There are 2 protein chains.
Amino acid sequence: MSNYEPLQMTRSRRAILRELSSAEHHPTADEVYQRVRRTIPRISLATVYRNLDILTRHGMIRTLADADGQRRYDATLEDHCHVRCEVCGRVDDVHVVPLEAVERSITDASGYSISGYSLSFAGVCPRCAGGGRRGAEDAS
Amino acid sequence: MSNYEPLQMTRSRRAILRELSSAEHHPTADEVYQRVRRTIPRISLATVYRNLDILTRHGMIRTLADADGQRRYDATLEDHCHVRCEVCGRVDDVHVVPLEAVERSITDASGYSISGYSLSFAGVCPRCAGGGRRGAEDAS
DNA sequence: CTGGTAATAGGAATCGTTACTAATACCTGA
DNA sequence: TCAGGTATTAGTAACGATTCCTATTACCAG
Ligand SMILES: [Mn+2]
Ligand SMILES: [Mn+2]
Ligand SMILES: [Zn+2]
Ligand SMILES: [Zn+2]
């Protein structure tokens with residue numbers, strides 16, 4: 001899952017990718033925009049969104065679902081865990097392996113006080129993988 | 001993390017909770033709205049949103065972050081895994097324990113074709129747990 | 001009942017994200 | 001180096017999910 005059509009490495013694209021790679025804490029699209037603007041003042045927010053999406057589809061970055069409204073982006077490709085602070089919303093990486101009694105180690109490793117975890121897989125369901133190209137609305 | 005101020009069990013609130021408990025696949029706010037309308041035709045979508053939020057803050061239901069725009073709600077309180085179809089967006093529960101080589105079992109148990117997982121914990125970071133009541137914007 | 005507080009309906013307002021379009025950047029081949 | 005053709009962009013309008021606002025209504029205790 002990391003190729004599509006070829007893609008040019010434009011100035012905007014490179015700047016966005018570089019900014020994201022050097023960012024320490026999973027910036028939102030707007031945060032990436034603000035930072036890239038220091039290099040390319042006339043860049044458009046729409047360009048940032050479009051490229052974050054394209055880079056994600058090409059498997060060059062990851063888009064994270066935030067419990068709050070906005071998405072966050074991550075230049076780290078390997079699967080890893082995240083801790084999101086329920087107060088300020090910041091998202092940090094956590095480097096621990098499985099779960100079970102992981103909450104304990106997560107607490108130790110990150111200093112966060114954990115109240116719960118959320119593990120979700122992404123994939124294609126049988127309904128969509130099989131026959132029809134479009135997923136059933138609410139088939140059961 | 002499951003109490004706040006007291007809360008009345010109004011007709012709307014009860015209907016929303018009941019509808020969510022009997023729903024099989026993590027409905028969106030609008031889906032809950034559509035279903036509750038069959039019982040309370042004049043209920044407002046804002047009321048549904050407000051109550052889903054209140055019930056979540058009271059630990060009576062869970063709010064799920066969807067990679068797509070909209071949130072989904074879950075009446076199952078215990079931590080468990082979810083599989084989201086990248087095509088139709090539906091979210092199913094998965095009953096397996098840890099991860100490691102879990103992708104395999106997830107695939108078998110759900111029939112989904114898994115392309116990756118996302119495990120994130122929720123909690124309060126040291127910065128927010130300690131001193132200030134407000135989380136630092138971007139302190140590092 | 002009656003007064004006081006919590007909750008609601010309805011609709012406007014927000015805000016993150018997308019869509020659209022004319023203008024540019026970029027690439028490739030002559 | 002230059003022209004032609006395609007990909008990308010800036011700027012802005014449009015969208016849709018969620019939240020806010022406020023007059024009205026439901027609910028509860030006394
Ligand atoms: Mn990360
Ligand atoms: Mn669930
Ligand atoms: Zn925090
Ligand atoms: Zn599907």
Side-chain angles (χ1 to χ4, degrees), chain A residues 3-20 26-58 60-74 84 89-91 137, chain B residues 3-20 26-58 60-73 84 89-91:
Chain A
N3 53 20
Y4 244 62
E5 340 113 48
L7 110 164
Q8 305 181 13
M9 247 315 160
T10 63
R11 194 157 109 85
S12 304
R13 211 157 279 174
R14 186 166 21 249
I16 290 170
L17 192 52
R18 174 163 41 71
E19 213 50 72
L20 189 57
H26 311 92
T28 60
D30 192 67
E31 285 167 352
V32 171
Y33 173 55
Q34 298 303 339
R35 295 181 193 180
V36 172
R37 276 217 298 176
R38 299 199 295 240
T39 307
I40 309 174
R42 301 185 56 71
I43 197 172
S44 155
L45 175 57
T47 296
V48 172
Y49 269 108
R50 178 162 29 74
N51 282 307
L52 286 171
D53 182 48
I54 289 173
L55 291 171
T56 297
R57 295 208 313 275
H58 280 258
M60 302 176 74
I61 66 172
R62 291 218 171 190
T63 298
L64 309 180
D66 200 324
D68 316 25
Q70 51 201 344
R71 295 172 193 164
R72 288 176 176 279
Y73 300 87
D74 193 340
R84 182 179 62 79
R90 96 189 256 146
V91 175
E137 283 297 56
Chain B
N3 53 19
Y4 244 62
E5 340 113 47
L7 111 165
Q8 302 181 17
M9 246 315 159
T10 63
R11 194 157 110 84
S12 304
R13 211 156 280 173
R14 187 168 18 249
I16 290 169
L17 193 52
R18 174 163 40 72
E19 213 49 73
L20 191 56
H26 311 91
T28 60
D30 191 66
E31 285 166 353
V32 171
Y33 172 55
Q34 298 303 340
R35 294 182 192 179
V36 173
R37 279 222 290 181
R38 300 199 295 241
T39 307
I40 309 174
R42 303 184 55 70
I43 196 172
S44 155
L45 175 57
T47 296
V48 173
Y49 269 108
R50 179 165 25 76
N51 281 307
L52 286 171
D53 182 49
I54 290 174
L55 290 171
T56 297
R57 295 208 313 275
H58 280 258
M60 302 176 73
I61 66 173
R62 291 216 171 194
T63 298
L64 309 180
D66 200 325
D68 315 24
Q70 50 200 346
R71 295 174 192 162
R72 289 175 174 280
Y73 299 87
R84 182 178 62 80
R90 99 189 252 143
V91 175

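All figures in this text were calculated on a predicted structure; none of them were measured in a lab. By convention in this document, chain letters (A, B, ...) are assigned in the order of the sequence lines, proteins followed by strands, and residues within each chain are numbered from 1.
Distance CD1 (A/Ile54) to P (C/dT18): 12 Å, rounded to an integer number of Å. Computed from coordinates, the B/Met9 CE to D/dC28 P distance equals 12 Å when rounded to whole Å. What separates CD1 of A/Ile43 from C1' of D/dT8 is a distance of 11 Å, to the nearest Å. Separating the OH atom of A/Tyr33 from the P atom of C/dT17 is a distance of 14 Å, rounded to the nearest angstrom. To the nearest angstrom, P of C/dG4 lies 17 Å from CD of B/Gln8. Remark: P of C/dG16 and CG of A/Leu52 are 15 Å apart, rounded to the nearest angstrom. Put simply, CD on B/Glu31 is 16 Å from P on D/dG16, counting in whole angstrom units. The separation between A/Arg57 atom CZ and D/dA7 atom P is 14 Å, rounded to whole Å.
Taking OG1 from B/Thr28 and CZ from B/Arg71, the interatomic distance works out to 12.0 Å, rounded to the nearest 0.5 Å. Expressed to the nearest 0.5 Å, how far CZ of B/Arg14 lies from OG1 of B/Thr39 amounts to 12.0 Å. Interatomic distance, CZ of A/Arg57 versus CG of A/Leu7, reported as 10.0 Å (0.5 Å rounding). Note that CD1 of A/Ile54 is 8.5 Å distant from OG1 of A/Thr10, once rounded to the nearest 0.5 Å.
The phosphate of D/dT9 (OP1 or OP2) has a side-chain N or O of A/Ser12 nearer than 4.0 angstrom. Between A/Ser44 and the phosphate of D/dT9, there is no side-chain N or O to OP1/OP2 separation shorter than 4.0 Å. Look at B/Arg13 and you'll find a side-chain N or O under 4.0 angstrom from OP1 or OP2 of C/dA7. A sub-4.0 Å separation between OP1 or OP2 of D/dT9 and a side-chain N or O of A/Thr10 is present.
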For B/Leu17 and B/Met9, what are the C-alpha separation, side-chain angles and deciding distance, and is it a side-chain contact (heavy atoms from CB on, under 4.5 Å)? CA-CA 10 Å; B/Leu17 193 52; B/Met9 246 315 159; 3.7 Å; yes

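Inter-residue side-chain proximity for A/Leu52 and A/Thr63 is flagged as unmet; no heavy-atom pair is nearer than 4.5 Å.
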Check nucleotides 17-25 of chain D against the protein and report each pair of N or O atoms closer than 3.5 Å, with its distance, or say if there are none.
from, atom 1, to, atom 2, distance (Å)
D/dT18, OP1, B/Arg71, N, 2.8
D/dT18, OP2, B/Tyr49, OH, 2.3
D/dT18, O5', B/Tyr49, OH, 3.3
D/dT19, OP1, B/Arg71, NH1, 3.2

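Counted by atom type alone, A/Ser12 and A/Thr47 present zero donor-acceptor pairs between their side chains at under 3.5 Å.
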